[in-house]
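Report on one structure; see the data block that follows.
Quantities reported herein were computed from a predicted structural model and do not represent experimental measurements. Numbering of ligands and ligand atoms starts at 1, following listing order.
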Amino acid sequence: SKAPVTVTVTGAAGQIGYALLFRIASGVMLGPDTPVVLNLLEITPALKAAEGTAMELDDCAFPLLAGINITDDPRKAFDGANIGLLVGARPRGPGMERADLLEANGGIFKPQGAAINDVAADDIRVLVVGNPANTNALIAQSHAPDVPAERFTAMMRLDHNRAKTQVAQKLGVPVSEVTKMTIWGNHSASQYPDLFHAEVGGKPVAEQVDQAWLADTFIPTVAKRGAAIIDARGASSAASAANAAIDHINSWVLGTPAGDWVSSAVVSDGSYGIPEGLIAGVPATSTGGAWQVVQGLEIDDFSRAKIDASVKELADERDAVRSLGLI
Ligand code: NDP
């Protein structure tokens, strides 16, 4: 049988962690033939809660779960890690300035990047979920100079999945018929879900909906979905965020289907005018365990302005963390 894959989950005792760990251990993320070892990283006060989650994982008797380690030390958590899911982050508190938020997250993602650099497996692949995810990924990546930069990614997949369902419901088709969705830019309210390249029945979605719906209903619905869920549930989305993290890693490791692509925030190579080095959402396929940016899409003026605005926000965040000495 296959050697186990070591998956490190940070913020393991949190809401997303709780929705994530059981599905990883059940084999949904890496497939039914791949055993996993789960390394759970938490801050010291949350270690006991992580132990409780581990007890429940034990009680599932998952055949693929080859071991669980719990620690508050990133250098232990990432030791030999093949996959890192960086979920734990510092949320924006009331009255918190952006610089304080970035500073607090620098204190989390700098040491994690350094630990990944020093102790992770050679094939380490990192997905950052904790917000501001793209910039947290940039901080971690910049402290891991020995790891190929493209192994650091941030999650656009929840926005991607939300966008697919909005389109499917609008056009009355199964979600599986919506292909080639792209979420460009930052995982924030400035993100741009692109219906000019998304397709239903082989035709662009933008040709099948009116422009007012696209601009005034669809885009804000996708971008503000997180707030709508907090309003309805009284708590943040957690299961759907965990599901998207699983989808992202599954696509990355096992590949994307022919004739389709997904949204992933990857280190920019300059494609589509996105400055090199920013970790921005793009259309991407994965083969052989590596992302490739889908090339050659025509970008009209409407899309150009939206992509540029979101990318500008990412560049501003990068400049802010640079001036704070975090990268
Ligand atoms: P959640 O598990 O609900 O969220 C964790 C992070 O994911 C937050 O930054 C959150 O951002 C982000 N996120 C991304 N997408 C979504 C989405 N669609 N919906 C909701 N959140 C999303 O937070 P909890 O507070 O329940 O748990 C966090 C855990 O992390 C705690 O147990 C804490 O102790 C731990 N932690 C661990 C650290 C470490 O291991 N070093 C460091 C910091 C925290 P947003 O805030 O914008 O909602």
Problem set entry | Backbone N/O of Ala290 and side chain of Gln292: donor-acceptor pair under 3.5 Å | yes

For this session: Around atom 30 (O) of ligand 1, find the nearest protein heavy atom and jot down its residue, atom name and distance.
Result: Gly11 CA, 3.1 Å

Exercise. Considering Asp72, Leu158, Thr10, Ile229, which one's heavy-atom position lies nearest to atom 18 (N) of ligand 1?
Worked result: Leu158

For this session: Please list all pairs passing the side chain to side chain donor-acceptor pair (under 3.5 Å) test where one or both residues lie in residues 113-123, with sequence neighbours left out.
Result: Arg75-Asp118, Asn82-Asp123, Asn117-Asp146

Problem set entry | Note, Leu297 side chain near Pro283 side chain (heavy atom, < 4.5 Å) | yes

Problem set entry | atom 28 (C) of ligand 1: the protein heavy-atom neighbour that sits closest, reported with distance to 0.1 Å | Gly14 CA, 4.0 Å

Exercise. Against heavy atoms of Ala13, which atoms of ligand 1 measure under 4.0 Å?
Worked result: 32 (O)

Problem set entry | Polar contact flag for Ala238 and ligand 1 (N/O pairs, less than 3.5 Å) | no

For this session: Name the closest protein heavy atom to atom 38 (C) of ligand 1, giving the residue it belongs to and the distance to 0.1 Å.
Result: Ile43 CG2, 3.6 Å

Problem set entry | Flag for Asp72-Thr44: side-chain donor and acceptor within less than 3.5 Å | yes

Problem set entry | Over 12 non-hydrogen atoms of neighbours within 6.0 angstrom of CD in Glu97 | no

For this session: Decide if atom CZ of Arg90 counts as having more than 12 heavy atoms of other residues, nucleotides or ligands within a radius under 6.0 Å.
Result: no

Problem set entry | Atoms of ligand 1 close to Gly130 [distance to a heavy atom under 4.0 angstrom, numbered from 1] | 6 (C), 7 (O), 9 (O), 12 (C)

For this session: For Leu41, counting its heavy atoms only, list the atoms of ligand 1 lying under 4.0 Å from any of them.
Result: 40 (O)

For this session: With the side chain counted from C-beta on, respond yes when Gln166 and Arg225 share a heavy-atom pair under 4.5 Å apart, and no when they do not.
Result: yes

Problem set entry | Short side-chain donor-acceptor distance under 3.5 Å, Gln191 and Ser310 | no

Exercise. What do you think, any protein heavy atom under 4.0 angstrom from atom 9 (O) of ligand 1?
Worked result: yes

Exercise. What is the minimum heavy-atom distance between Gly27 and Leu64, and which atoms define it?
Worked result: CA-CD1, 3.5 Å

Seminar exercise, completed: Between Ala137 and Ala154, the two heavy atoms sitting closest are CB-CB, 4.2 Å

Exercise. Just wondering, more than 12 heavy atoms not from Asp301 lying within 6.0 Å of its CG?
Worked result: no

For this session: Kindly identify the option in Ala244, Ser237, Ala50, Ala104 whose heavy atom sits closest to atom 17 (C) of ligand 1.
Result: Ser237

Exercise. Does ligand 1 have a heavy atom under 4.0 Å from the side chain of Ala241, from its backbone, from both, or from neither?
Worked result: side chain

Exercise. Any non-hydrogen atom of Arg162 lying under 4.0 Å from ligand 1?
Worked result: yes

Exercise. Hey, is Gln112 one of the residues with a heavy atom under 4.0 angstrom from ligand 1?
Worked result: yes

Exercise. Any idea which protein heavy atom is nearest atom 7 (O) of ligand 1, and the distance to it?
Worked result: Ile16 CD1, 3.3 Å

Exercise. Which residue owns the protein heavy atom closest to atom 45 (P) of ligand 1, what's the atom, and how far is it?
Worked result: Asn131 ND2, 3.7 Å

For this session: May I ask you to identify the nearest protein heavy atom to atom 34 (O) of ligand 1, giving residue, atom name and distance to one decimal place in Å?
Result: Glu42 OE1, 2.7 Å

Exercise. Do Arg90 and ligand 1 have an N or O pair less than 3.5 Å apart?
Worked result: no

Seminar exercise, completed: Residues Ser268 and Gly270: closest non-hydrogen pair is OG-N, 2.9 Å

Seminar exercise, completed: Scanning both residues in full, the closest heavy-atom pair of Met156 with His187 reads CE-N, 3.8 Å

Seminar exercise, completed: Taking every heavy atom of Met181 against every heavy atom of His160, the minimum-distance pair comes out as O-CE1, 3.4 Å

Exercise. Which atoms of ligand 1 have any heavy atom of Pro91 under 4.0 Å away?
Worked result: 46 (O)

Exercise. Is the shortest N/O to N/O distance between Arg92 and ligand 1 below 3.5 Å?
Worked result: no

For this session: State the atoms of ligand 1, each with its element, that fall below the 4.0 Å cut-off from a heavy-atom position in Gln15.
Result: 2 (O), 3 (O), 24 (P), 26 (O), 27 (O)

Exercise. Taking only heavy atoms of Val87, which atoms of ligand 1 are found under 4.0 Å from at least one of them?
Worked result: 5 (C), 6 (C), 7 (O)

Exercise. Counting each atom of ligand 1 from 1 as listed, which ones have a heavy atom of Ala46 under 4.0 Å away?
Worked result: 34 (O)

For this session: Just jot down the ligand 1 atoms closer than 4.0 angstrom to any heavy atom of Ser236, in number order.
Result: 20 (C)

